Protein chains: 2
Amino acid sequence: MHELDQHLLQERLVDFEKRCRENGLKMTHQRLTVYRELLSSRDHPAVETLFQRVRRHISTISIDTVYRTLATLEEAGMINRVDTTEGVVRYEADHGVSHHHLVCKKCHRIKDFVWESFDTMPPPPAVDHWGESVGRSVVFTGICRHCREQGGEK
Amino acid sequence: MHELDQHLLQERLVDFEKRCRENGLKMTHQRLTVYRELLSSRDHPAVETLFQRVRRHISTISIDTVYRTLATLEEAGMINRVDTTEGVVRYEADHGVSHHHLVCKKCHRIKDFVWESFDTMPPPPAVDHWGESVGRSVVFTGICRHCREQGGEK
DNA sequence: TGCTTAATCAGAATATTTCCTAAATAGTAT
DNA sequence: ATACTATTTAGGAAATATTCTGATTAAGCA
């Protein structure tokens, strides 16, 4: 973990407290831990996965709390669901930087990347006609370098 | 259903038979019906939904067959899974036209649109470095016209 | 400090998805 | 027409995912 990351993380946590207060959400140990764990998870974890990780810090936390917390934070716009074809809900913290996803068909790992020239591209007319769009994301699918070289571990 | 649609549908079904033969897949009534139903479904149905529809034609079909068929056809590249944040697997038939998705946060309906200037855009360097990409898709999320006007029916 | 109420907990209940087994059926090639 | 084998079926098991209940805890405020 770099200095910079530590700094950004700290910044996010301060922001988290602020936004909780704004939304009338109490700052519980559980909430903070779930959020912090998601913040430092770079792999867009499913609920169960995140539950396991949070458990390492709060051994008595119930999975119900993780579900509830994620739903609450999502509603408040502090975290996002990730698009997948797996039939599993996955989350990521809002890191404040627009990014998109690279999805490996073998290992199902998801990697972030930024693409400014896409972000600034005007949407096609069909989008405006459809309704009010609030977000856009790109997903590239394929086989990641790791899987191609090692045959994958799926 | 327009003349044109009928024609395209027919074309797709012929292609389906050909590809089944190529892959050594027998042309069963069930397979054909599942595929045809998906072809004419414009709403990217989940397995259960598609099962209900196919049932109208083959009342004795088992859901297991639908699961198996979809998995088989997906493997053969004749149908695709759709990206969602719902935690549900959804499918669409390969209509032979590159398209992308508009997803309504209220009613969860998914609409297709084409975006050629995106399709022809070169990927950012990060993608090439990541591995071998075989597909790309864009998802716009927001509130569709229908939901905005009527308050949605979630 | 004490009150109020949101939030958490244990763990059971429910729901959903997917897979499995053994027997019956039906394509396809000969 | 026959044989071979993939495929389907019923129905239940297994695996996952999600929600609920009632009792307890603790955050935030007066």
Side-chain angles (χ1 to χ4, degrees), chain A residues 13 16-37 44-76 78-79 81-82 84-91 108 154, chain B residues 13 16-37 44-76 78-79 81-82 84-91 108 154:
Chain A
L13 289 176
F16 175 69
E17 294 202 37
K18 198 185 91 197
R19 299 191 67 175
C20 278
R21 233 174 294 120
E22 281 171 6
N23 287 71
L25 299 173
K26 292 182 178 175
M27 265 306 301
T28 66
H29 185 201
Q30 287 83 347
R31 244 172 219 165
L32 182 60
T33 307
V34 167
Y35 183 72
R36 185 167 43 209
E37 199 60 39
H44 318 79
V47 180
E48 179 68 28
T49 309
L50 194 61
F51 170 58
Q52 299 297 348
R53 288 180 195 161
V54 173
R55 231 183 184 172
R56 296 200 295 246
H57 302 104
I58 308 177
S59 62
T60 61
I61 196 168
S62 78
I63 195 162
D64 182 48
T65 298
V66 178
Y67 271 101
R68 253 184 306 101
T69 303
L70 291 172
T72 304
L73 298 186
E74 188 196 355
E75 213 164 337
M78 286 181 258
I79 66 176
R81 287 181 179 218
V82 177
T84 73
T85 62
E86 300 165 63
V88 177
V89 178
R90 291 217 203 182
Y91 289 94
H108 293 153
K154 153 53 194 287
Chain B
L13 289 176
F16 175 69
E17 294 201 36
K18 199 186 89 197
R19 299 190 68 174
C20 278
R21 236 177 289 119
E22 284 171 3
N23 287 71
L25 299 172
K26 292 183 177 172
M27 265 306 302
T28 66
H29 187 200
Q30 288 83 347
R31 247 174 216 162
L32 183 59
T33 307
V34 167
Y35 182 72
R36 186 170 40 210
E37 200 58 41
H44 318 80
V47 180
E48 178 67 27
T49 309
L50 194 61
F51 170 59
Q52 300 296 348
R53 288 180 195 163
V54 173
R55 231 181 184 175
R56 297 200 293 245
H57 302 103
I58 308 176
S59 62
T60 61
I61 197 169
S62 78
I63 194 162
D64 186 44
T65 298
V66 179
Y67 271 103
R68 253 183 306 99
T69 303
L70 291 172
T72 304
L73 298 186
E74 188 195 357
E75 213 163 337
M78 285 181 261
I79 65 175
R81 287 180 179 219
V82 176
T84 73
T85 62
E86 298 166 63
V88 177
V89 178
R90 291 216 199 185
Y91 289 93
H108 293 153
K154 155 52 190 293

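Naming: A, B, ... by sequence-line order, numbering from 1 per chain. Atoms considered below: every heavy atom in the structure, side chains included; atoms not considered: hydrogens, waters and symmetry mates. Keep in mind it's a predicted model, so treat the numbers as computed, not measured.
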Please figure out whether Arg21(B) or Ala46(B) has its closest DNA chain C nucleotide nearer the 5' end. Ala46(B)
Got Tyr91(A) and His44(A) here, is their nearest side-chain heavy-atom distance under 4.5 Å? no
Rounded distance (Å) that lies between atom P of dT9(D) and atom CZ of Arg55(B): 11 Å
Is it the case that the side chain of Thr69(B) and the backbone of Thr65(B) share a donor-acceptor pair, with hydrogens and angles ignored and the cut-off at 3.5 Å? yes
Enter the inter-axis angle for the ends of the helix from dT1(C)-dA30(D) to dT30(C)-dA1(D) (five pairs per end, rounded to 10°). 50°
For Thr33(A), the option from Arg36(A), Arg31(A), Gln30(A) that meets side-chain contact (heavy atoms from CB on, under 4.5 Å): Arg36(A)
Met27(B) vs Val89(B), nearer the 5' end of DNA chain C by closest nucleotide: Val89(B)
Spacing of His57(B) atom NE2 relative to dT8(D) atom C1', expressed in whole Å: 19 Å
Provide, to the nearest angstrom, the distance between the CD atom belonging to Glu86(A) and the P atom belonging to dA17(D). 10 Å
Assess whether side-chain contact (heavy atoms from CB on, under 4.5 Å) is satisfied between Leu50(A) and Leu70(A), documenting all intermediate values. CA-CA 10 Å; Leu50(A) 194 61; Leu70(A) 291 172; 3.9 Å; yes
Listing time: all N or O pairs from protein to nucleotides 5-8 of chain C that are below 3.5 Å?
residue: dA6(C); atom: O4'; partner: Lys26(A); partner atom: NZ; Å: 3.3
residue: dA7(C); atom: OP1; partner: Arg31(A); partner atom: NH1; Å: 3.0
residue: dA7(C); atom: OP1; partner: Arg31(A); partner atom: NH2; Å: 3.0
residue: dA7(C); atom: O5'; partner: Arg31(A); partner atom: NH2; Å: 3.4
residue: dT8(C); atom: OP1; partner: Thr28(A); partner atom: OG1; Å: 2.9
residue: dT8(C); atom: OP2; partner: Arg68(A); partner atom: NH1; Å: 2.6
residue: dT8(C); atom: O3'; partner: Gln30(A); partner atom: NE2; Å: 2.8

Output the rounded distance in Å from OH (Tyr91(A)) to C1' (dA17(D)). 12 Å
If every non-hydrogen atom of Val89(A) is compared with every non-hydrogen atom of Thr85(B), which pair is closest and at what distance? CG2-O, 4.1 Å
Take a 6.0 Å sphere around CD of Glu75(A) and say whether it holds more than 12 heavy atoms from other residues, nucleotides or ligands. no
Taking CD1 from Ile58(B) and C1' from dA10(D), how many angstroms apart are they, rounded to a whole number? 16 Å
With side chains defined as the heavy atoms from C-beta onward, is the minimum distance between His108(A) and Glu86(A) less than 4.5 Å? yes
Side chains of Phe51(B) and Val34(B): does their closest heavy-atom pair fall under 4.5 Å? no
Looking at Thr49(A) and Pro45(A), would you say the former's side chain and the latter's main chain have a donor-acceptor pair under 3.5 Å? no
Please report the distance, rounded to the nearest Å, between CZ in Arg81(A) and P in dA17(D). 13 Å
Starting from P on dT8(D), measure out to CD1 on Ile63(B) and report it in whole angstrom. 14 Å
Whole-Å distance between dT18(D) P and Tyr67(A) OH? 4 Å
